[in-house]
Amino acid sequence: MNPPAGAGAVLCVYYKVDADQHAAWAPRVRQMQAGLQAQWPGLRAELLQRPEATNGIETWMETYRHRLGLGTERLAAIAQAAIDAGLPAPRHAESFIALR
């Protein structure tokens with residue numbers, strides 16, 4: 001049996017955050033991710049940041065993966081959840097798969 005479309009794909013969404021706003025944004029992102037994980041059991045979500053800030057600006061990355069793949073519905077829901085949560089924009093999304 002072939003894996004579902006998108007199985008093994010990792011969605012990476014990165015954006016900039018003012019370092020002074022770190023403590024305000026982190027709980028909002030985590031709350032949004034927890035809501036998505038409750039909606040789709042098995043969804044793995046992570047919040048990362050680059051180790052250094054540049055001119056008081058941090059680069060953050062959210063990652064998402066699901067054993068059944070993300071699919072159009074999950075991708076759209078992730079994007080909409082970020083809008084609903086009022087997260088910083090612009091958000092840049094890219095998908096990655098394991099090296100073949």
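The structure displayed is predicted, hence computed values, not measured ones. Because only heavy atoms are used, hydrogens play no part in the values below, and waters and symmetry mates are left out as well, while side chains stay in.
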| note | Rounding to 0.5 Å, atoms SG (C12) and CE (M61) come to a distance of 5.0 Å
| message | Quick test of your reading: applying ring-ring contact (aromatic ring centres under 6.0 Å, His included), list the pairs with at least one residue in residues 75-100, sequence neighbours left out, ordered by first then second residue. | response | Y14-H92
| query | Which residues pass the salt bridge (charged side-chain N to carboxylate O under 4.0 Å, His left out) test with R28, sequence neighbours left out? | reply | none
| request: Over all heavy atoms of both residues, which pair between Q37 and A45 is shortest? Give the atoms and the distance, please. | output: NE2-N, 3.3 Å
| remark: By side chain to side chain contact (heavy atoms under 4.5 Å, CB included), A81 pairs with (sequence neighbours left out) M32, L36
| Does a sphere of radius 6.0 Å around CD in Q31 hold more than 12 heavy atoms from other residues, nucleotides or ligands, not counting ones at 6.0 Å or beyond? | no
| message | For W40, give me all partners under ring pair (Phe, Tyr, Trp, His ring centres under 6.0 Å), at least two apart in sequence or on another chain. | response | none
| said: Same cluster or not: V17 versus L87, using hydrophobic residues (I, L, V, M, F, W, Y) connected whenever any side-chain heavy atoms lie under 4.5 Å apart? | reply: yes
| query | Shared ILVMFWY cluster between V13 and V29, side chains joined below 4.5 angstrom? | reply | yes
| field | salt bridge (Lys or Arg N to Asp or Glu O under 4.0 Å): pairs with one or both residues in residues 12-23, sequence neighbours excluded | value | none
| remark: With sequence neighbours left out, the residues meeting side chain to side chain contact (heavy atoms under 4.5 Å, CB included) with S95 are L11
| task | Start with the C-alpha gap between L43 and L70, add the side-chain angles, then the distance that decides, and say whether side chain to side chain contact (heavy atoms under 4.5 Å, CB included) holds. | result | CA-CA 9 Å; L43 180 69; L70 294 172; 3.9 Å; yes
| query | Under the side chain to side chain donor-acceptor pair (under 3.5 Å) rule, what pairs show up with a residue in residues 72-82, not counting sequence neighbours? | reply | Q80-D84
| request: Could you list the residues that satisfy side chain to side chain contact (heavy atoms under 4.5 Å, CB included) with E46, not counting sequence neighbours? | output: L48, T63
| With distance as the sole test, does H66 use its side chain to make a donor-acceptor pair with the main-chain N or O of P41 at under 3.5 Å? | yes
| said: According to ring-ring contact (aromatic ring centres under 6.0 Å, His included), does anything in residues 41-62 pair up with another residue at least two apart or in another chain? List the pairs. | reply: H22-W60
| What is the distance from atom CD of Q49 to atom OG1 of T59, rounded to the nearest 0.5 Å? | 9.0 Å
| query | Can you name the residues that form a side chain to side chain contact (heavy atoms under 4.5 Å, CB included) with E52, not counting sequence neighbours? | reply | R50
| query | Residues in side-chain hydrogen bond (donor to acceptor under 3.5 Å, both in side chains) with R91, at least two apart? | reply | E62
